[in-house]
J.: 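The structure that follows is given in the form of structure tokens.
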Amino acid sequence: MSKPSIPQGTRDFSPAEVRKRQYIFNTLRSIFELYGFQPLETPSMENLVTLTGKYGEEGDRLIFKILNNGLNAQTDDTKKKMNDEWEKMLSKSYSSPVITERALRYDLTIPFARYVVMHQNELAFPFRRYQMQPVWRADRPQKGRYREFWQCDADVVGSTSLINEAELLCIYEEAFVTLGIPFVIKINSRKILAGMAELCGHPDKLIDMTVALDKVDKIGLHGVEKELTDKGFDAKSVDILKELVRGEIAYSNNQEIIDELRSKMQGSEIGLEGVREIEKSIEYHKSLSKYGGEKIKIPFEVNGMQLSFSSGINVDISLARGLNYYTGVIVEVIPYGVKMGSIGGGGRYDDLTGLFGLKNLSGVGVSFGVDRIYDVMDELKVFPQRLVEGTQAMLVNFGGENEAYALQILQQLRSAGIAAEIYPDAAKFDKQMKYANKRSIAFVLLPGDEERLKNMVAVKNFTTGEQKTVSVSECIEILRG
RNA sequence: GAGAUUGUAGCUCAGCUGGUUAGAGCAUCAGAUUGUGGUUCUGAGGGUCGUGGGUUCGAACCCCAUCAGUCUCCCCA
């Protein structure tokens, strides 16, 4: 007999894990609602054509495709075509609608864009929505990377105002402060990156350049230099880029970095535009933020040491972000104190709905990676203690008349809004107590012969061990705390 | 797509240069204890050592293949 298993990169969530995950979802949901975003859900699967070509070559490879049903029930002509297409699929990267026409969603942004286009006449623009649903990627799983994971996105479409950028920055800030995760929000603009490519005289090599720059934290300035050279950048342009990145490292203050960039970007109109956008976004954020745009000290614990980290927004021109559809401001959130990739990212996309035929609709959005956020919070031990508490009260089942008495008490407890349960079998006392202990039940109620005859119940606080016999209404007061 | 590493009881893992009946802790069940849990004591059940081949008198251990998990690169949340 083989042991049961689940597909690679997927997980079961135990009751305690679900509680903690729901805490994250609830926190994000209430913040999204506070900022005026409306909930939206879309199907787990989309038509494959909706997804292909939106995430780059690598992205297409990672889309989970769904095999069509009824492949055997086709006409001979269709079957012949299926055979031909199958051969093609085996020989190269290709997929055919006769074999597969649906796929699991890869992110929440593209389905959202599809939704906006389909419902453009019903929506009031600017349209603000949040969405919390699982997505699937056929990637090789590793630390912080799963094949099924949840994203929580907030997007605004139909407005080019940088107030939107600022609001999304506030949402990030508020969310991570509330969750207790020390963070850095890196901010950059695709336009600055384009400006940099322009200054080097290689506007065509934008992607190569950004991919290389993005690795500066990992491989250092020398590594980046090497990669740029490998990609065909000449010594002069490598110097220009190095100078820009190094200049940024020299300043810790965002305004100084912005001023520095502005002087270096002279000669690139698009670059200057990017600088202006970032500056304006940060300015709006400053007036909108609960924290006045200042860094926020967030305490955390590593190896028993109490530390804290000044969390906030950092202008970082090495930030690239993989998805091709971004055109303006881009952001990414990195946790501090844990070795983990980004726990959130987003940016502005000027023409995402254009892919589906609706032109000139700009959008901007952010995404939260819930599974990574969970892993970070677990590692930093910042989940609130109260989440692990189980049912408030359990009634011990003494059988016979006492069972009927217990059921009647149980009904009263629930009517009073107290989460309660009864041990369903008249099992040995010891067994019932052990069960309650294991379940982290807060109070155990003992409705036995003695109590029943006096129309009372014994209440035992399972944390302190304290016990007393009281009436049902007094019991309810105790359980309410 | 490339690489590293690990697969032994429900879980975490021991198991020496190959040697006779494969162990421990935790968990489970039963009992000490038929109205007082978290601590203790006693006992029990549970494994064709991931799978398939090969080498050998003999394989959990060595070799080959295969499958699965974990991690790294690529890329990403």
J.: Can you tell which of C75(B), G35(B), G37(B) lies closest to the side chain of V211(A)?
T.: C75(B)
J.: Does the plane of the ring in Y374(A) sit parallel, tilted or perpendicular to the ring in F383(A)? Use 30° and 60° as the thresholds.
T.: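 Plane angle between 30° and 60°, so tilted.
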J.: For G69(B) and Q8(A) - does any side-chain N or O of the residue sit under 4.0 Å from the phosphate oxygens OP1/OP2?
T.: yes
J.: Side chain of L446(A) only, heavy atoms from C-beta on: which candidate in A77(B), U36(B), C74(B) is closest?
T.: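 The closest nucleotide is U36(B).
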J.: Name the closest nucleotide to the K215(A) side chain, picking from C71(B), G35(B), C74(B).
T.: C74(B)
J.: Is Q151(A) close enough to A77(B) that one of its side-chain N or O atoms is under 4.0 Å from OP1 or OP2 there?
T.: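 Negative; the distance criterion is not met.
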J.: Do the two ring centres, one from F32(A) and one from Y130(A), sit under 6.0 Å apart?
T.: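 When the ring centroids of F32(A) and Y130(A) are compared, they turn out to be within the sub-6.0 Å range.
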J.: Would you mind telling me which of U72(B), G37(B), U70(B) lies closest to the side-chain atoms of K143(A)?
T.: U72(B)
J.: Can you identify which nucleotide, out of A77(B), C74(B), G35(B), has its nearest atom closest to the E450(A) side chain?
T.: G35(B)
J.: Which value, in whole Å, describes the distance between the C1' atoms of nucleotides G38(B) and G45(B)?
T.: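 The same atom, C1', in both gives a distance of 25 Å.
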J.: So, is K428(A) close to the G31(B) phosphate, meaning a side-chain N or O under 4.0 Å from OP1 or OP2?
T.: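 Looking at the OP1 and OP2 atoms of G31(B), one of them is under 4.0 Å from a side-chain N or O of K428(A).
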J.: How far, in whole Å, is U6(B) from A14(B) if one measures between their C1' atoms?
T.: 15 Å
J.: Write down the partner of G35(B) under the Watson-Crick or G-U wobble criteria, each distance required to be under 3.5 Å.
T.: none
J.: Please determine if R137(A) forms a cation-pi arrangement with F149(A), meaning its NZ or CZ atom is less than 6.0 Å from the six-membered ring centre and no more than 45° off the ring axis.
T.: no
J.: Heavy-atom nearest nucleotide on RNA chain B for N402(A) versus G9(A): which residue maps closer to 5'?
T.: N402(A)
J.: Looking only at side-chain atoms of R145(A), point me to the closest of A27(B), C75(B), C71(B).
T.: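 Nearest to the side-chain atoms of R145(A), counting from C-beta on, is C75(B).
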J.: If you check every side-chain atom of R140(A), which of C74(B), U28(B), G3(B) has the closest atom?
T.: G3(B)
J.: Take I6(A) and M433(A), find for each the nucleotide of RNA chain B with the closest heavy atom, and name the residue whose nucleotide sits nearer the 5' end.
T.: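 The 5'-side residue here is M433(A).
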J.: Are F300(A) and F309(A), when compared by the centres of their aromatic rings, separated by less than 6.0 Å?
T.: no
J.: Side chain of F429(A) only, please: which of C76(B), C71(B), G35(B) is the nearest?
T.: G35(B)
J.: Out of G37(B), A77(B), U72(B), which nucleotide sits closest to the side chain of F149(A)?
T.: A77(B)
J.: With respect to the side chain of D139(A), which nucleotide from U36(B), C75(B), C71(B) is positioned closest?
T.: C75(B)
J.: Quick one: are the ring centres of F368(A) and F176(A) less than 6.0 Å apart?
T.: yes
